[in-house]
Trainee: 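Here you go, one structure.
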Amino acid sequence: MKDNYLDGLNEAQREAVVNTDGPCMVIAGAGSGKTRVLTYRIAHLIKQGAEPFSILALTFTNKAAKEMKERIGNIIGGSEAKNIWMGTFHSIFARILRAEADKIGYPQNFTIYDTQDSKNLIKTIVKEFGLDDKLYKPGIVYNRISSAKNNLIGAQSYLNNATIMGDDRSNGRPRIGEVYMAYQTRCFRAGAMDFDDLLFKTNVLFRDHADVLYKYQHRFKYLLVDEYQDTNYSQYLIVKKLAALNENLAVVGDDAQSIYAFRGANIQNILNFKKDYPDYKLYKLEQNYRSTQVIVEAANSIIKNNTEQIKKNVWTSNDEGNRIKVIKALSDNEEGKLIANDIYDIQQHYNAKALDFAILYRTNAQSRSFEESLRRLNIPYKIYGGLSFYQRKEIKDLLSYFRLIANHKDEEAFKRVINYPKRGIGKTSVDHMIIKANEHKVSLWEIASNMQQYQLPINAGAQKKIGEFTAMMNSFKSRLEETDAYDIAKEIASVTGMTKTLHDDKTPEGVSRYENIQELLNGIKEFSDKNKEEDKLVTLPDFLIDVALLTDADNDKPEDKDKVALMTIHAAKGLEFPYVYIVGMEENLFPSQLSLNSRTDLEEERRLFYVAITRAEKKLTLSYATTRYRWGNLISCESSRFIEEIDEKYVDNVTIFDPKPMKKPSSSKEAAFKMKFSSPKKENLKKVSAVTSSSAGGGSDNKDFVVGLKVAHAKFGKGKIVNIEGAYPNRKATVFFPNVGQKQLLLKFAKLDIIE
DNA sequence: AACAACGGGCTTTTT
DNA sequence: GCCCGTTGTT
């Protein structure tokens with residue numbers, strides 16, 4: 001290990017790294033080297049003689065954990081870093097619960113229900129209760145249950161809690177508590193935990209089994225928690241209990257970046273730390289190494305509009321940098337084009353790579369206009385989030401087989417695969433099984449494997465098929481613990497008929513589904529190879545624990561490296577990019593309409609904006625559209641209040657799109673129409689000039705461009721058209737500019753003048 | 001029992 | 001505008 005590893009740290013960072021004993025809190029401003037402190041602190045611990053497996057580090061994402069492990073490995077050398085307990089709350093405690101499952105009455109191979117599974121189950125229960133499913137929407141009920149669990153309120157306590165029940169009653173949903181109760185019963189019967197249960201049940205385990213708690217208190221001599229501002233009560237209590245023995249607890253976070261209150265994160269955890277640990281040490285990291293002065297100061301000017309926060313002074317010694325550019329567009333589609341053009345321009349002039357850019361938005365639904373315009377300009381991009389790989393139907397289907405084999409009681413998995421691929425077990429048969437299962441309060445599997453005993457009223461043919469199905473599942477089950485995960489997974493995919501069914505489907509979707517299955521199997525192979533130790537086998541249940549908690553962000557593929565990143569601001573947390581675009585800066589979108597009713601919600605939106613701004617290293621651009629399609633309707637939008645909140649001196653003139661009538665059908669025509677008939681609204685922005693950026697300007701393919709024509713471009717100078725391809729309105733010209741070389745230009749964007 | 005056509009609801013954000 | 005689930009059709 002390098003001995004001078006502490007040299008690269010500033011004083012505040014070094015203090016936070018070397019003072020390893022006792023409770024401490026590190027308040028780390030955006031870009032101040034928080035991860036650096038965490039990794040060095042852990043490396044330092046090991047250097048001081050701490051055993052890697054006595055260190056527990058809880059992170060917010062698996063990706064963060066993985067990267068941190070690598071960085072620690074680089075500092076200390078060797079393979080010791082592998083033994084550190086590092087991961088998300090959910091994945092670490094899922095592992096611990098698996099080891100201790102019998103203590104709380106769960107099977108060792110319990111299933112982890114994802115949100116979709118949970119909502120399906122809730123829907124089933126709501127139906128069984130005969131409740132109005134318009135009123136008791138699965139999403140709403142799920143959120144109520146989730147927030148109860150995050151505050152450690154079980155189903156019975158929920159029913160006993162006058163305030164909560166009163167809220168439900170006044171919202172016209174008095175029976176959510178009962179649904180909660182039934183939901184818990186059914187999850188338990190299915191041997192399943194949802195995401196929140198992983199934390200809830202950990203609390204139960206530690207509460208009811210002092211010996212177990214004691215064991216882990218001893219094992220984990222050093223605790224570190226990243227993104228502490230985003231922990232909820234349930235997580236807080238786990239940490240508190242685990243740390244109680246040694247009190248070697250370091251929490252790291254930034255109250256200004258708390259953006260998960262909506263799912264139960266509690267800012268008070270950070271504000272109350274000193275109450276739990278009066279003799280704690282506080283370190284503040286205030287020097288920003290990431291961004292220009294303009295960006296840092298602009299972010300400061302935003303966040304000071306919030307009332308509740310820990311005082312700190314984030315500063316930087318970096319260059320002043322460009323001012324923040326604000327782009328106004330006439331429609332969501334124009335917004336997409338302007339941003340794509342801007343990226344294209346910067347790529348051309350500053351030799352920037354695609355991976356230097358990020359487009360950040362408030363909601364996933366906004367991505368489309370950017371996808372389209374980037375694709376037109378041949379700029380590679382990658383969308384993060386949205387429908388994850390693991391949520392695709394074919395993937396969930398195969399995973400359901402794995403789940404059902406590992407845990408026969410898993411109801412959601414059972415229902416998914418009992419007749420997929422088609423094996424002649426129809427809806428009627430399944431409905432009969434469900435009725436029997438509810439009647440006897442047992443799992444579907446129990447019914448299916450004892451059809452006579454439960455007098456299942458279905459014909460012999462169907463019974464035979466069900467019998468074959470359970471026999472097949474059983475034969476896999478018996479080999480599960482002694483077969484390598486990849487080997488058995490491949491066999492399951494094939495024997496169940498999934499591989500063949502998908503392979504036979506020659507539609508493009510079918511082909512892609514088949515490829516996805518292959519990719520999942522490859523992923524299992526990789527997982528198996530990576531985790532193999534001496535003569536210990538990596539089994540399918542090992543993989544299942546992992547996969548339930550994986551997200552797309554966790555498997556970056558190499559070919560995705562040099563691409564413009566499109567993602568929600570939430571997903572961008574912890575990342576940084578030289579050029580950042582925050583788009584859709586409009587009232588009711590950002591800040592979200594739902595946040596406007598309460599001050600605390602609005603403050604969370606503002607922190608979200610703060611997070612977005614501070615992702616930028618060199619240049620920040622904001623954009624908004626004056627009209628936008630929402631649910632298929634064109635609506636008009638006002639610019640976001642957040643733009644006004646930025647200190648004026650950091651904001652550059654608004655770039656206005658020249659509202660020249662465009663020769664294009666549909667949306668833009670309507671946009672132009674709107675523009676014409678709505679009187680100019682009071683402008684939110686003070687400085688307005690009619691600047692048109694080169695490519696963003698009134699470029700429109702309405703001229704008679706032909707090969708051989710000499711043209712002039714605002715930035716590239718004079719040139720000659722050497723080729724034109726594509727059809728109007730997407731005609732693309734190849735133009736040779738003596739000054740800059742050959743360029744591909746989309747005629748409808750490029751502002752080209754014909755010279756001769 | 002399987003597929004096509006239709007209609008409703010949705011837009012926060014994620015482990 | 002799109003996705004999903006339900007309904008209607010053979």
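Letters go in sequence order (proteins before strands), and every chain restarts at 1.
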Trainee: Establish, with yes or no, whether the OP1 or OP2 oxygen of B:dT14 is under 4.0 angstrom from a side-chain nitrogen or oxygen of A:T568.
Mentor: yes
Trainee: A:D504 side chain to A:T501 main-chain N or O, any donor-acceptor pair under 3.5 Å?
Mentor: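 No.
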Trainee: With respect to the side chain of A:R368, which nucleotide from B:dT11, B:dT15, C:dC2 is positioned closest?
Mentor: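 Nearest to the side-chain atoms of A:R368, counting from C-beta on, is C:dC2.
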Trainee: Can you check the A:F195 CZ to B:dT13 P distance for me, whole Å?
Mentor: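 Going from CZ in A:F195 over to P in B:dT13 covers 15 Å.
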Trainee: For the residue pair A:S118 and A:Y183, confirm or rule out a side-chain donor-acceptor distance under 3.5 Å.
Mentor: yes
Trainee: Considering heavy-atom distances to DNA chain B, does A:R423 or A:A365 have its closest nucleotide positioned more toward the 5' end?
Mentor: A:R423
Trainee: Taking atom C1' in both C:dT6 and B:dT11, compute the distance separating them and give it to the nearest angstrom.
Mentor: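 It works out to 22 Å between them.
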Trainee: On DNA chain B, compare the nucleotides closest to A:L589 and A:T428; which residue's is nearer the 5' end?
Mentor: A:T428
Trainee: With 3.5 Å as the limit, what N/O pairs link the protein to nucleotides 7-10 of chain B?
Mentor:
| residue | atom | partner | partner atom | Å |
| --- | --- | --- | --- | --- |
| B:dC10 | OP1 | A:K137 | NZ | 2.5 |

Trainee: Look only at the side chain of A:N419 and the backbone of A:G424, and say whether a donor-acceptor pair between them is shorter than 3.5 Å.
Mentor: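 Such a contact is found between A:N419 side chain and A:G424 backbone.
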Trainee: How long is the line joining CG of A:D117 and P of B:dT15, in whole Å?
Mentor: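 About 16 Å, once rounded to whole Å.
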Trainee: B:dT13 P sits how many Å from A:Y142 OH, rounded?
Mentor: 14 Å
Trainee: Picking from B:dT13, B:dT15, B:dA2, which would you name as closest to the side chain of A:N419?
Mentor: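 Given the options B:dT13, B:dT15, B:dA2, the side chain of A:N419 is closest to B:dA2.
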Trainee: If you measure from the Lys or Arg side-chain nitrogens to the Asp or Glu carboxylate oxygens, is any gap between A:E603 and A:R599 under 4.0 Å?
Mentor: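 Judged by the 4.0 Å cut-off on N to carboxylate O distance, A:E603 and A:R599 do form a salt bridge.
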Trainee: For the pair A:E604 and A:R607, find out whether any cationic side-chain nitrogen is under 4.0 Å from an anionic carboxylate oxygen.
Mentor: yes
Trainee: Any donor-acceptor pair under 3.5 Å linking the side-chain atoms of A:S234 with those of A:D196?
Mentor: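 On atom types as modelled, these side chains do not qualify, holding no pair under 3.5 Å.
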Trainee: Between the main-chain N or O of A:D194 and the side-chain N or O of A:D197, is there a donor-acceptor pair closer than 3.5 Å?
Mentor: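 Yes; at least one donor-acceptor contact below 3.5 Å.
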Trainee: With the threshold set at 4.0 Å, does a side-chain nitrogen-carboxylate oxygen contact exist between A:E468 and A:R423?
Mentor: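 Salt bridge flag = no for A:R423 with A:E468.
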Trainee: Indicate whether OP1 or OP2 belonging to B:dT13 is found under 4.0 Å from a side-chain N or O atom of A:N364.
Mentor: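 For B:dT13, OP1/OP2 do have a side-chain N/O of A:N364 under 4.0 Å.
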Trainee: Looking at A:Y106 versus A:F188, is the centre-to-centre ring distance below 6.0 Å?
Mentor: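 That pair passes the under 6.0 Å test.
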Trainee: Under a 3.5 Å threshold, yes or no: a donor from one side chain and an acceptor from the other, between A:E100 and A:Y216?
Mentor: yes
Trainee: Let me know the distance between OH of A:Y390 and P of B:dT14, rounded to the nearest Å.
Mentor: 17 Å
Trainee: Whole angstrom is fine here: how far is it from CD in A:E605 over to C1' in B:dT11?
Mentor: 12 Å
Trainee: What nucleotide among B:dT11, B:dT14, B:dT15 has an atom nearest to a side-chain atom of A:R630?
Mentor: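 Out of B:dT11, B:dT14, B:dT15, the nucleotide with an atom closest to A:R630's side chain is B:dT11.
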Trainee: Measure CD1/A:I458 against P/B:dA1 and give the value in whole Å, please.
Mentor: 10 Å
Trainee: After noting the C-alpha distance and the side-chain angles of A:R95 and A:D546, does the key distance pass the salt bridge (Lys or Arg N to Asp or Glu O under 4.0 Å) rule?
Mentor: CA-CA 9 Å; A:R95 206 150 287 159; A:D546 236 58; 2.8 Å; yes
Trainee: Which residues in residues 118-131 of chain A have a heavy atom closer than 4.0 Å to any atom of DNA chain B?
Mentor: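 Those residues: none at all.
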Trainee: Under 4.0 Å between a side-chain N/O of A:T115 and OP1 or OP2 of B:dT15, yes or no?
Mentor: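 No.
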Trainee: Find the distance A:Q593:CD to B:dT11:C1' and express it as a whole number of Å.
Mentor: 10 Å
Trainee: Look at A:R403 together with A:D117 and state whether they make a salt bridge at an N to O cut-off of under 4.0 Å.
Mentor: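 A:D117 and A:R403: salt-bridged.
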Trainee: For A:N232 and B:dT15, what is the distance between atoms CG and C1' respectively, to the nearest whole Å?
Mentor: 10 Å
Trainee: Specify the residues of residues 255-263 of chain A, ordered by number, for which at least one heavy atom lies under 4.0 angstrom from an atom of DNA chain B.
Mentor: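 Only A:Y260, A:F262, A:R263 qualify.
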